[in-house]
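Predicted model, so just to flag it, every value in this text is computed and none were measured. So that the names make sense, note that chain A is the first sequence line, chain B the second, and so on, each numbered from 1.
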Amino acid sequence: MKDMQTTYDPRDFEDKIYEKWVKEGCFKAKIDPDKVPFTVMMPPPNITGQLHIGHAMDETMQDIVVRFKRMQGYSVLWQPGVDHASLATEHKIVEKLREEGTTKEALGREEFLRRAWEWKAQYGGKIVEQLKKLGSSCDWDRLAFTMDERCSRAVREAFFRLYETGLIYRGSRIINWCPDCKTALSDEEVVYSEDAGHFWYFDYPVEGSGERITIATTRPETMLGDTAVAVNPKDKRYARFVGKTLLLPLTDRKIPVVADDYVDPEFGTGAVKITPAHDPNDFEVGLRHKLPVIRVMNDDGTINELGGAFAGLDRYEARKRVVESMKELGLLVKIEAHSHNVGHCHRCNATLEPIVSKQWFVRMAPLAKPAIEAVAKSKTKFTPDRFAKIYFNWLENIRDWCISRQLWWGHRIPVWYCGGCGAEICAREEPSVCPKCGSADLTQDEDCLDTWFSSALWPFSTLGWPEDTPEFKYFYPTDVLVTGYDIIPFWVMRMMFSGLRYTGKVPFRDVLIHGLVRDEQGRKMSKSLGNGIDPLKLIEKYGADSLRLALVTGVAPGNDMRMSETKIESSRNFVNKIWNASRFVLMNTKGTDVPPSLASVRLQPADRWIISRLMATVREVTLSLKKYDLGIAADKIVEFAWNDFCDWYIELSKPALYGDDPERKRQTLGVLLFVLENTLKLLHPFAPFVTEEIYGYLPHSSGSIMTADFPRYNSRLSYREEAKAFEGVIGFIKAVRAIKVSVNCPPSKKVHLFLVTDQKRLITVNKNAILRLAGASEIDFIERGSAAGEKTVSQVTDIAQIFIPLGELVDLEAERVRLTKELERVEGEIERAGCKLANQNFIAKAPKKLVDDERAKLEKFLDMKKKIQQQLSAL
RNA sequence: GGGGGCAUAGCUCAGUUGGUUAGAGCGCACGCUUCACAUGCGUGAGGUCACAGGUUCGAGUCCUGUUGUCCCCACCA
């Protein structure tokens, strides 16, 4: 076999390995009755989308969970797919058409849709290719699209069922209208921002008297649609006006003054113009007082013919002209600066108009209730669980969902209108004649459904629902949904009530919520700021493994994270470390017939220590992954691999590897390989490429690491007592190093160690490692410190009192200061432990183990104190 | 107005059900051309865990309040 490259360069193998996985069908989901299924639905990225860093994090988290479960022996389905993103896609195509100098209306529906599909074919696959670069192990053969036949059928079925049971209705309501996209939006699609505006104070004359009522408005142009002025019934200032008639300026209409609790007497002038067609609150007031609804605006934001002289003007031009006209009439009282929250289109950012419009709605109350219960009863659990509160908050305050969009790209509403009898027909498949009158004159509703209507069905539409397919039976309900907290109202919630409504089951058992990836300064990434981090560039520069590790380390679940290149550099350094450690082990393996398992190895103390640490790590990592604490799991692996394995065990193994006992070398290599292989397996879900690449070089490995068993905790390999004893050796070595540094003794200078100890055996067994790692030439056991002679530096450790004669390097005074400091520290500990143990409540109420530990600690420190005092007096 | 997050080392953040002497990465200081790795190794400095109470034998962790900060929702025309 070829040797590993001396330098780690992910570009050498990442693409190659991904191809291999795909070719060997490693990602394929299989219905296997002997295995437990584990299903994850990928949140389908928009076909318009480019892979951004947020996707990268979301995908990485899913891939980690999925790879872990696969290695644990589950039959895993990670279902990929893309979303047609009705509005987003249509918006982009319309823009493109605009550049070409045409419009969708000019093209016509059919031609427009042909273009859209063409566009989808051209760009829709791009994001899929980008996902592959990250190492996503989803079953690409099952790639779904929210507008493919399967999903479309599910959409029609869902619509039909809701329609049939009266949960879908059509009605004229106030909705959020985007005059640029020319469509209705749901409440969730509105982005509010605090915009600087004005308050215009207008006088409305009272009919038959010289009096006037002053109202204040932020949208003067809507006065053309005013049908009343409202005051608070308790407001004495206006009591005499209630029931009177006002002459609405700029029009020839007369409008009443009504009394309504909605009006806040403290705000503005206490008198409010009521425009039921253009304001949600006014609409409600209008209903209460049976006011006419006069809509004065067209779909494109211009004033319509009901606006009289202002007809045809754009809303902002109309605003200007209305104010001017009022001023000319002497009815403009004053203008104040006023900033207020204004709704914007989440897609094009245009200022939205609340407008009365005939749309399709889903009645939410009956759907929200079971969705709330399911989470309240923990049928679905949020991680972290605080997001359940946010979920409840949304569902408890939810209003009916406006699902119709005046768009062409999307699922067309499955409702037909009969030209013969006027019937409204909802059907799963297009009817040929009217079932009521038999007329063939049927016209389908022009509108499309909100994209999220189809996304809401994703966990089961992709599995073939409404058919009871084998996939649906085996893989549904899914296990975990991974997504950002910003998507809870759009998607998580809607999948929940849809799943419960149509399948009778929750769509997923766990929801793993993550935060946003922010830039180095903690700002949200946005196009306008230009602070976006391109994950593909990072993969090109550092490799996918490094990016993945950087995305999940040091983040608590649900919290936002800051991404920076330094962070990825650290991950890259770690991956590089793994690369080199593996290279070291494999280099030494050459020409040696390494034992295939630990069974035949006579384990040394250091071996048992590293195996013990490995087992502890296996246990912690497995538990953390189970709880979706990906960051903690990654930390534990890194800590083990870098500190325990590389910094300690590999160094400890060197005397055996470079020594003259071939059998000892062979056995040590057995341990090195065992630990390395398990480390790679633990790391594989996080860093799939490099672990697979290295795995291929291991002498006893076969197949892909992807299909290897995830390491299992084995209590027989935990060696707790021995490992603990060996920690003493490590502490001892560190102490010698520290002594040398403290007296500026060059590390290369070998020192002679004189030890007072009752652990001669432990030290003798590990003598070679100690000499090498501590930089010592000789070890002598002595009975008393004074035997080490003059000019000696000393230190107390858990396993020995160390004396090092360092001749002229020793500054007696500095040594005295150092030991005195050490003595103070130990005395502090004695004080602390003593106080604790003097507390009768502690002795009585704390667990026995803690009390015993504290006693042992006190003993230890008392002993140390005695020894340090001896050393001080010997100076 | 309602809800939520965050406040721990110079910076960015971890800290599992309360329990060793509170950790990591980066940065900093000093020292290392040690035969896997300078993308490295060794040693170290640096924290009254925002503040004030409370519960407890014991609080960074739980409770109450305060301050600062960020986010989501609602919203006064």
Side-chain angles (χ1 to χ4, degrees), chain A residues 4 6-8 187 192 199 215-219 222 230 262-264 266-275 279 281-282 285 338 340-341 384 386-387 389-390 392-394 397 485-486 488-489 515-516 520 522 524 542 546 553-556 558-562 564 566-567 569-588 620 623-624 627 629 631-632 635 638-639 646-647 650-651 654 658 734 737-742 744-748 772-773 775 825 828-829 832-833 836 839-847 849-851 853-854 856-857 861:
Chain A
M4 286 174 69
T6 35
T7 45
Y8 162 66
D187 295 343
Y192 288 92
F199 243 145
I215 55 93
T217 180
T218 56
R219 293 188 299 156
T222 62
Y262 153 72
V263 181
D264 175 2
E266 307 292 316
F267 192 80
T269 62
V272 188
K273 65 191 263 315
I274 299 297
T275 325
D279 183 278
N281 291 309
D282 292 6
V285 175
H338 177 68
H340 57 152
N341 243 353
R386 68 181 133 92
F387 288 104
K389 279 190 207 165
I390 290 170
F392 291 141
N393 225 306
W394 271 99
N397 300 306
Y485 57 70
D486 50 334
I488 293 173
L516 267 41
E520 223 159 334
K524 228 168 167 170
Y542 297 99
S546 304
T553 3
V555 209
N559 284 5
D560 290 353
M561 80 163 312
R562 293 187 194 200
S564 65
T566 6
K567 202 158 182 177
E569 270 173 29
S570 324
S571 305
R572 191 271 321 271
N573 293 351
F574 170 68
V575 178
N576 180 63
K577 188 80 185 172
I578 293 290
W579 181 266
N580 280 295
S582 307
R583 213 159 57 80
F584 170 81
V585 174
L586 291 166
M587 269 167 49
N588 284 287
E620 285 167 339
L623 280 173
S624 301
K627 289 189 287 182
D629 275 332
I632 291 178
D635 275 349
V638 171
E639 192 190 329
C646 293
D647 289 346
I650 284 186
E651 294 308 318
K654 283 177 178 173
Y658 303 147
K734 284 169 99 78
R737 286 171 177 169
I739 290 173
K740 289 172 76 174
V741 168
S742 78
N744 282 323
C745 169
S748 52
R772 183 184 176 92
L773 270 63
R825 186 185 71 87
E829 291 299 329
R832 191 194 51 78
K836 234 175 169 175
N839 183 341
Q840 285 311 309
N841 281 323
F842 176 71
I843 307 277
K845 293 187 182 172
K849 188 180 180 305
L850 274 172
V851 179
D853 284 356
E854 206 58 44
K857 239 181 288 172
F861 285 122

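Atom name C1', nucleotides B:C49 and B:C37: the rounded distance is 36 Å, in whole Å. B:A22 and B:U34: their P atoms are spaced 36 Å apart (whole Å). Remark: the separation of the P atoms in B:G53 and B:C41 is 46 Å, to the nearest Å. Distance check on atom C1': B:G18 versus B:C63 gives 13 Å, rounded to whole Å. Taking atom P on both B:A14 and B:C62, the two are 15 Å apart, rounded to the nearest angstrom. The separation of B:G58 from B:G5, taken at their C1' atoms, amounts to 29 Å, rounded to a whole angstrom. Rounded to whole Å, the C1' atom of B:U8 lies 23 Å from the corresponding atom of B:U56. Only the P atoms considered, B:U17 is 14 Å distant from B:U61, to the nearest whole Å.
Applying the 4.0 Å criterion to OP1 and OP2 of B:A77, one finds that A:Lys273 has every side-chain N and O outside that range.
Mapped onto RNA chain B by nearest heavy atom, A:Phe861 and A:Asn744 fall at different nucleotides, with A:Phe861 at the one closer to the 5' end. With RNA chain B read from its 5' end, the first of the two nearest nucleotides for A:Gly268 and A:Tyr658 is the one closest to A:Tyr658.
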Quick test: give all pairs of protein nitrogen or oxygen and nucleotides 55-59 of chain B nitrogen or oxygen below 3.5 Å, distance rounded to 0.1 Å.
{"unit_1": "B:C57", "atom_1": "OP1", "unit_2": "A:Lys845", "atom_2": "NZ", "d": "2.1"}
{"unit_1": "B:C57", "atom_1": "O2'", "unit_2": "A:Asn839", "atom_2": "ND2", "d": "2.8"}

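Take A:Lys567 and apply the side chain to side chain donor-acceptor pair (under 3.5 Å) test, not counting sequence neighbours, and it matches no residue. Annotation: side chain to side chain donor-acceptor pair (under 3.5 Å) contacts of A:Thr566 (sequence neighbours excluded): A:Ser564. The side chain to side chain donor-acceptor pair (under 3.5 Å) search around A:Asn397 returns A:Asn393, not counting sequence neighbours. Partners of A:Phe199 by ring pair (Phe, Tyr, Trp, His ring centres under 6.0 Å), not counting sequence neighbours, listed by chain and number: A:Tyr201, A:Phe267, A:His338. Partners of A:Asp264 under the salt bridge (charged side-chain N to carboxylate O under 4.0 Å, His left out) rule, at least two apart in sequence or in another chain, do not exist in this structure. A:Lys577 pairs by the side chain to side chain donor-acceptor pair (under 3.5 Å) definition with nothing, not counting sequence neighbours. Here A:Glu829 pairs with A:Arg832 under the salt bridge (charged side-chain N to carboxylate O under 4.0 Å, His left out) rule; sequence neighbours left out. Residues passing the ring pair (Phe, Tyr, Trp, His ring centres under 6.0 Å) test with A:Trp394, sequence neighbours excluded: none.
At a threshold of 4.0 angstrom between heavy atoms, the contacts of A:Ile843 with the nucleic acid are absent. No contact: A:Arg219 has no heavy atom under 4.0 Å from any strand. No engagement by A:Trp579 is indicated, since no non-hydrogen atom pair under 4.0 Å with the nucleic acid exists. Heavy atoms of A:Tyr262 sit under 4.0 angstrom from at least one base atom. As judged by a 4.0 angstrom heavy-atom cut-off over every strand, A:Gln840 is placed among residues making no nucleic acid contact. Using a 4.0 Å heavy-atom cutoff across all strands shown, A:Lys849 reaches no nucleic acid atom at all.
A:Leu773 has its side chain within reach of A:Arg737: a pair of non-hydrogen atoms, C-beta onward, lies under 4.5 Å apart. Proximity of A:Trp579 to A:Thr7: side-chain heavy atoms (C-beta onward) are nowhere separated by under 4.5 Å. Looking at A:Asp279 and A:Arg219, their side chains come closer than 4.5 Å, going by heavy atoms from C-beta outward. Within the 4.5 Å cutoff, the side chain of A:Phe842 has heavy atoms near those of the A:Val851 side chain. Side-chain contact check for A:Ile650 versus A:Lys654: some heavy-atom pair is nearer than 4.5 Å. With a 4.5 Å cut-off on side-chain heavy atoms, A:Arg572 and A:Glu569 count as touching.
Comparing B:G25, B:A74, B:A77 by their nearest atom to the side chain of A:Tyr192 picks out B:A74. Listed candidates were B:A77, B:U20, B:C73. Nearest to the side chain of A:Lys857 is B:U20. For A:Arg583, whose side chain is taken as the heavy atoms from C-beta onward, the closest listed nucleotide among B:C73, B:A36, B:C26 is B:A36.
Between A:Phe584 and A:Tyr658, the ring planes lie perpendicular to each other; the angle is over 60°, past the 30° to 60° tilted range.
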query = In the 5'-to-3' direction, what one-character label does each nucleotide of nucleotides 38-50 of chain B receive under the scheme B = base within less than 4.0 Å of a protein heavy atom, S = sugar-phosphate only, - = no such atom?
reply = -BSSSSS------
note = Its contact letters, B for base, S for sugar-phosphate only and - for none at protein heavy atoms under 4.0 Å, make nucleotides 9-17 of chain B read ---SSSSB-
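Atom NE2 in A:His340 sits roughly 16 Å away from atom P in B:A74 (whole-Å rounding). Residue A:Glu569 contributes atom CD, which lies 21 Å from atom P of B:A24 at whole-angstrom precision. Per the geometry, CG belonging to A:Asn588 stands 12 Å off P belonging to B:C37, to the nearest Å. Taking atom NZ of residue A:Lys740 and atom P of nucleotide B:G31, one finds them 16 Å apart after rounding to whole Å. The nearest whole Å value for the distance from the CZ atom in A:Phe387 to the P atom in B:G4 is 12 Å. Across the protein-nucleic acid pair, A:Phe267 atom CZ and B:G1 atom P stand 14 Å apart, rounded to whole Å. Distance, A:Asn393 CG to B:G3 C1': 5 Å, rounded to whole Å. Whole-Å rounding puts the A:Met4 CE to B:A36 C1' distance at 10 Å.
Taking CZ of A:Arg825 as the reference point, atom CZ of A:Phe861 lies at 6.0 Å (rounded to 0.5 Å).
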ask   = Which string of ( ) [ ] | and . matches RNA chain B, if you list each base 5' to 3' and count Watson-Crick or G-U pairs only when both distances are under 3.5 Å?
value = (((((((..((((.....[...)))).(((((.......))))).....(((((..]....))))))))))))....
